[in-house]
Every structure is written in C-alpha cells, then in structure tokens.
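As structure tokens, the structure follows; a few thoughts come after it.
Index from 1, following the sequence. Heavy atoms only: backbone and side chains are in, while hydrogens, waters and symmetry mates are out. The model shown is predicted, which means the values in this text are computed figures rather than measured ones.
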Amino acid sequence: MIVSAHLIPFWLNLPLCLVMLGCVAGAVRKADWSALRAVPARQHVLLAGLLGLLLLWLLTLKVIDGVWIHLLGVTSLTLIVGWRFTIVGATLVLLAQLWLQSHSLFGAPLAWLLTVFLPATTSRLLAYLLRRYGFRNLFVFMLGAGFGGGLLSVLLQALAGLLIFGLIGQAEWVARALANWPLIALLMFPEGFINGMLVTALTVFYPEVVKTFDDAFYLDDREG
C-alpha cells in the first residue's frame, strides 16, 4: 500500500523513517551473507524473488485519491529466503517501485511498514508458531504458512491501514474503506493462492532453497 507523501504528517513519518532505517540496518548486519554466497541456488532464488516482487508491485490500483494498493508476495519470499533477507531485499524493491512510478521517497517509511515489515513479520511469526506448537504435517507448512500467511498479511495490512488513516485524520477514507470491505476478501484469496502455490512448488521440488522448511521436522514421523 502506498499513500501520497503529502498526506503523511511529519510526526508520523519521522519515527517510521527511524524504525525503517534501524530495522534494515539490523537485518543487513545479522543476515547470514556467507550462507547465501555458499549456495548459488539461494542467490538465484533471492534475485528472482526480488524481480518477481518488483513486477508484482508495479501492478498497482488506485482505490482512493492518494492511496494505491497491490498484491504483496512477501509471504513466499519470507518463507523462502528468511526474514532478514526479505527486509533488506523488499526495501530495495520498494524504493525502486516508488522511483519507477514517480512517487515521492518521503512516502517510503509508511509504505515500508505496511508492505514490507508487517507482512514479512506476520508470515515469519506464523511459520514459527506452527512449528512451535508441533504441527509436523507438510501440508501445514505449505498451506498454513504459505496460503494462510498470505491471507493474514492482507488482513493485518488492511487493519493497520485503517488505524493509520484514523490517526492522520482521514475519517472519510476509513468510512469508504469500511463501506467497500468486500474488496479485502477479493485481495486475500489471490494473495493466499499466489504465496501458497509458490511455497508449495519450491518446497516439493527444491526444498533445499526454502530457508524456513526443515525436512527432518516435517517429514520425519519420529517424535522429539
């Protein structure tokens, strides 16, 4: 989701900018770059994922004057390359998208929160919880984390967007969004389908490049 920069107040933009810079810097510092360099297939998957993300994000739809939405695809990237590489890579993709579509870069912090950080963190946390509570079935990972992560990311993005619209005094936007709530359902299914399909395909055919997939956990019938 992109909101025109002139509609975002300074008191909101500044802390979001600091959070974005700090989070990206931390992700760059903590990312396992040596593991990425050691396996060329992971490099190819990461680059292909970022290119696919950019192409997907360029297909935007203006829903309100000053607000654009698009499908995310962040869930599959997070499950495949991990949270840190997703934060770094998707941030670069976001900046490229804003530049290519002639949006002001001052709108990047809010777009980053809604488009990068929120779906990446939601997807990673969901995958962690599914494993933490012992859901060892392979389909739970592919459909629960992949399909379900996509659905949940869109829902939480919409709720966060409504909260932010209210904070910046755009009550009309909130009313119009609530009046057109079926649009969220129309976005949730394709988001879940795209992410679920990508995660399933790579998990089945190339499980070694899916960072969050542990075949010993999901495919081994033994307990413990």
Side-chain angles (χ1 to χ4, degrees), residues 1-58 60 68 70-129 145 149-150 152-154 156-157 159-161 163-164 167-168 195 209-212:
M1 181 185 295
I2 299 174
V3 179
S4 292
H6 72 276
L7 298 172
I8 307 172
F10 179 77
W11 61 263
L12 177 62
N13 214 27
L14 179 60
L16 286 180
C17 182
L18 296 176
V19 171
M20 180 181 73
L21 294 175
C23 187
V24 173
V28 170
R29 184 171 178 270
K30 294 292 186 179
D32 193 350
W33 298 100
S34 59
L36 183 66
R37 291 191 296 267
V39 183
R42 292 177 181 170
Q43 302 172 27
H44 300 156
V45 168
L46 176 58
L47 293 175
L50 296 181
L51 178 59
L53 213 61
L54 177 60
L55 295 176
L56 186 64
W57 288 5
L58 289 176
T60 58
W68 293 263
H70 53 77
L71 293 175
L72 299 171
V74 177
T75 293
S76 54
L77 188 66
T78 303
L79 296 177
I80 293 167
V81 304
W83 184 86
R84 295 183 180 91
F85 285 120
T86 297
I87 291 294
V88 175
T91 301
L92 295 176
V93 170
L94 174 63
L95 296 177
Q97 177 200 10
L98 294 176
W99 178 71
L100 289 171
Q101 295 186 327
S102 301
H103 293 292
S104 172
L105 293 181
F106 288 103
L110 180 56
W112 175 85
L113 174 69
L114 297 174
T115 307
V116 178
F117 179 79
L118 185 61
T121 303
T122 298
S123 302
R124 188 63 188 92
L125 182 60
L126 178 59
Y128 167 78
L129 291 175
L152 189 59
S153 294
V154 171
L156 293 181
Q157 183 196 51
L159 294 175
L163 176 60
I164 290 171
L167 289 175
I168 65 177
N195 287 282
V209 302
V210 182
K211 180 176 176 60
T212 57

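- At distances below 3.5 Å, at least one donor-acceptor pair connects side-chain atoms of Ser104 with backbone N or O atoms of Phe106.
- Leu71 is not listed as a side-chain neighbour of Val154, based on a closest heavy-atom distance of 4.5 Å or more.
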Practice task
Go through the steps for Thr115 and His70 under the test side-chain contact (heavy atoms from CB on, under 4.5 Å), then give the verdict.
Solution key: CA-CA 9 Å; Thr115 307; His70 53 77; 3.6 Å; yes
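- Smallest separation of non-hydrogen atoms from Ala90 and Val116: CB-CG1, 3.7 Å.
- For the pair Leu92/Leu50, no side-chain contact is recorded, criterion being any heavy-atom separation below 4.5 Å from C-beta on.
- Leu167 places none of its side-chain heavy atoms less than 4.5 Å from the side chain of Leu12.
- The two atoms that bring Gly107 and Ile8 nearest to each other are CA-CD1, 4.0 Å, heavy atoms only.
- Rounding to the nearest 0.5 Å gives a distance of 4.5 Å between CG of Leu118 and OG1 of Thr122.
- Inter-residue side-chain proximity for Leu100 and Leu54 is flagged as met; some heavy-atom pair is nearer than 4.5 Å.
- Results of the side-chain contact (heavy atoms from CB on, under 4.5 Å) test with Gln97 over Leu56, Leu58, Leu55 single out Leu58 as the only residue that passes.
- At distances below 3.5 Å, at least one donor-acceptor pair connects side-chain atoms of Trp57 with backbone N or O atoms of Leu72.
- When every heavy atom of Val88 is checked against every heavy atom of Ala27, the shortest pair comes out as CG2-CB, 3.7 Å.
- When side chains are defined from C-beta on, His103 counts as touching Trp68, because their heavy atoms get closer than 4.5 Å.
- In terms of heavy-atom proximity, Leu114 sits nearest to Gly161 at CD2-N, 4.1 Å.
- Taking CZ from Phe85 and CG from Leu46, the interatomic distance works out to 7.0 Å, rounded to the nearest 0.5 Å.
- Formation of a donor-acceptor pair under 3.5 Å by the Thr78 side chain with backbone atoms of Trp83 is not found in this model.
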Exercise for the section: Please assess Leu94 against Leu98 for the test side-chain contact (heavy atoms from CB on, under 4.5 Å), listing each intermediate value before the final yes or no. Expected result: CA-CA 6 Å; Leu94 174 63; Leu98 294 176; 4.2 Å; yes
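- Contact between Pro119 and Leu113 at its shortest, heavy atoms only, is CD-O, 4.4 Å.
- A distance of 8.5 Å separates CD1 of Ile80 from OG1 of Thr86, quoted to the nearest 0.5 Å.
- Ile2 places a side-chain heavy atom less than 4.5 Å from the side chain of Gln101.
- Between Leu110 and Met1 there is no side-chain heavy-atom pair separated by less than 4.5 Å.
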Exercise for the section: Could you walk me through whether Val3 and Ile164 pass side-chain contact (heavy atoms from CB on, under 4.5 Å), step by step? Expected result: CA-CA 11 Å; Val3 179; Ile164 290 171; over 6 Å; no
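- Interatomic distance, NZ of Lys211 versus CG of Leu77, reported as 12.5 Å (0.5 Å rounding).
- Here CG of Leu18 is found 9.5 Å from CE of Met20. Values are rounded to the nearest 0.5 Å.
- Considering every non-hydrogen atom in both Ser123 and Ser153, the closest pair reads OG-OG, 3.4 Å.
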Practice task
Carefully, step by step, assess Phe117 and Val19 under the rule side-chain contact (heavy atoms from CB on, under 4.5 Å).
Solution key: CA-CA 10 Å; Phe117 179 79; Val19 171; over 6 Å; no
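- Residues Thr75 and Leu126 form no side-chain contact, since every pair of their non-hydrogen atoms from C-beta on lies 4.5 Å or further apart.
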